[in-house]
J.: 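Sharing a structure here in structure tokens format.
A quick note: this is a predicted structure, and the numbers were derived from the prediction, not measured.
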Amino acid sequence: LGCCTAFKSIMIPLIIPVPATYGHDGWINNLADALGCRKFIRTALQVYRRHSTNTSNHITTRINLISPFDLLKVRIKDWIKSEGSKGGAAVACETRIMQLEILRCRIVDSESYLREKCDLQSSAARARAEIDRAIAANTVRLDFQRRGALRRVIGATIFYINGGYREFEGWKSFAKDLLR
């Protein structure tokens with residue numbers, strides 16, 4: 001969550017401006033993760049107060065206990081609404097490719113700053129390689145998402161065997177692609 005994110009002021013030139021295709025917290029975390037400088041503090045530093053008039057109405061913000069069955073129902077409902085809908089996976093891949101390209105451009109455009117101010121030049125090179133790998137995986141998945149059922153199943157199976165689903169949710173994404 002954005003309210004649980006902190007960063008050093010040296011990161012501001014990399015973060016600003018936040019691209020329109022990202023939320024600010026997602027952008028900061030994706031950028032820091034790509035550069036290998038994201039750290040988690042496992043100590044609770046904030047109390048997240050939940051109450052009956054929360055603006056968010058997601059199941060995880062409810063004040064009553066949530067059963068595993070409740071969570072499963074929400075996951076199925078979310079899957080049907082997004083990935084499970086016609087074109088959902090293709091749209092998700094297109095969006096992710098666009099976000100990855102924006103992230104890659106920011107890192108490439110900031111290489112001198114990363115080298116001089118942040119000592120992250122090697123991180124930038126690694127980030128570019130990881131982003132290129134993720135773009136390639138999303139491009140392959142997007143290609144077979146747009147095909148007929150038989151070609152999609154064959155493409156997904158080959159992609160799975162070759163380890164392509166590591167970029168996604170592994171066998172779960174493979175199963176979703178087969179069932180579409």
J.: Among Thr21, Ile102, Ile16, which residue meets the side-chain contact (heavy atoms from CB on, under 4.5 Å) test with Trp27?
T.: Ile102
J.: Might you point out which heavy atoms bring Gly164 and Ala137 nearest each other, and give the distance in Å?
T.: O-CB, 4.3 Å
J.: For the residue pair Ile107 and Ala127, what are the closest heavy atoms and their distance?
T.: CD1-CB, 3.8 Å
J.: Would you call Arg141 and Glu167 a salt bridge, taking side-chain N to carboxylate O under 4.0 Å as the test?
T.: no
J.: For Tyr165 and Phe174, take the angle between the two ring planes, folded into 0 to 90°, and tell me which bin it lands in: parallel under 30, tilted 30 to 60, perpendicular over 60.
T.: perpendicular
J.: Check for me, please, whether Ile10 and Ile12 land in the same ILVMFWY cluster - side-chain distances under 4.5 Å, paths through other members count.
T.: yes
J.: Do Val108 and Val18 sit in one hydrophobic cluster, given that two such residues count as connected whenever their side-chain heavy atoms are within less than 4.5 Å of each other, even indirectly?
T.: no
J.: What is the distance from atom NZ of Lys8 to atom SG of Cys37, rounded to the nearest 0.5 Å?
T.: 9.5 Å
J.: May I ask you to decide whether Arg147 forms a salt bridge with Asp143, counting only side-chain N to carboxylate O separations under 4.0 Å?
T.: yes
J.: Is the positively charged end of Arg38 above the ring of Phe40, judged by distance under 6.0 angstrom from the centroid and angle within 45° of the axis?
T.: no
J.: Ignoring hydrogens and geometry, is there a side-chain-to-backbone donor-acceptor pair from Asn162 to Ile158 under 3.5 Å?
T.: yes
J.: Before giving the answer on side-chain contact (heavy atoms from CB on, under 4.5 Å), spell out for Tyr160 and Asp177 the whole-Å C-alpha distance, their side-chain angles and the decisive distance to 0.1 Å.
T.: CA-CA 10 Å; Tyr160 182 76; Asp177 288 347; over 6 Å; no
J.: Please round to the nearest 0.5 Å and tell me the distance separating atom CG of Leu142 and atom CD1 of Ile135.
T.: 12.5 Å
J.: Could you grab the distance from atom CE of Met11 to atom OG of Ser110, nearest 0.5 Å is fine?
T.: 9.5 Å
J.: When you group the ILVMFWY residues by side-chain heavy-atom contacts below 4.5 Å and let the links chain together, are Leu179 and Leu150 in the same group?
T.: no
J.: Within 45° of the six-membered ring axis of Phe144 and under 6.0 Å from that ring's centre, is NZ or CZ of Arg151 located there?
T.: no
J.: State whether the side chain of Arg126 and the backbone N or O of Ala34 hold a donor-acceptor pair below 3.5 Å, judged by distance alone.
T.: yes
J.: Check the surroundings of atom CD1 in Ile41: do more than 12 heavy atoms from other residues, nucleotides or ligands lie under 6.0 Å from it?
T.: no
J.: With a 4.0 Å cut-off, would you call Arg106 and Glu101 a salt bridge?
T.: no
J.: Supply the atom-to-atom distance Leu103 CG to Met98 CE, rounded to the nearest 0.5 angstrom.
T.: 12.5 Å
J.: Using only atom types and a distance under 3.5 Å, with no angle test, would you say the side chain of Ser67 pairs donor to acceptor with the backbone of Asp70?
T.: yes
J.: In the single-linkage hydrophobic clustering (I, L, V, M, F, W, Y; side-chain heavy atoms under 4.5 Å), do Leu178 and Val140 co-cluster?
T.: yes
J.: In terms of side-chain geometry, is the basic nitrogen of Glu94 or Arg146 positioned less than 4.0 Å from the acidic oxygen of its partner?
T.: yes
J.: Below 4.5 Å, heavy atoms only, C-beta onward: do Phe7 and Leu14 meet side chain to side chain?
T.: no
J.: Is there a side-chain contact between Glu116 and Glu111, using heavy atoms and a 4.5 Å cut-off?
T.: no
J.: Between Asn30 and Gln99, is the side-chain hydrogen bond (donor to acceptor under 3.5 Å, both in side chains) condition met? List the steps.
T.: CA-CA 10 Å; Asn30 280 314; Gln99 288 180 332; 5.5 Å; no
J.: With rounding to the nearest 0.5 Å, note down the distance linking OG1 in Thr157 to CZ in Arg152.
T.: 10.5 Å
J.: If you measure from CD1 on Ile15 to CD1 on Ile28, what distance do you get to the nearest 0.5 Å?
T.: 4.5 Å
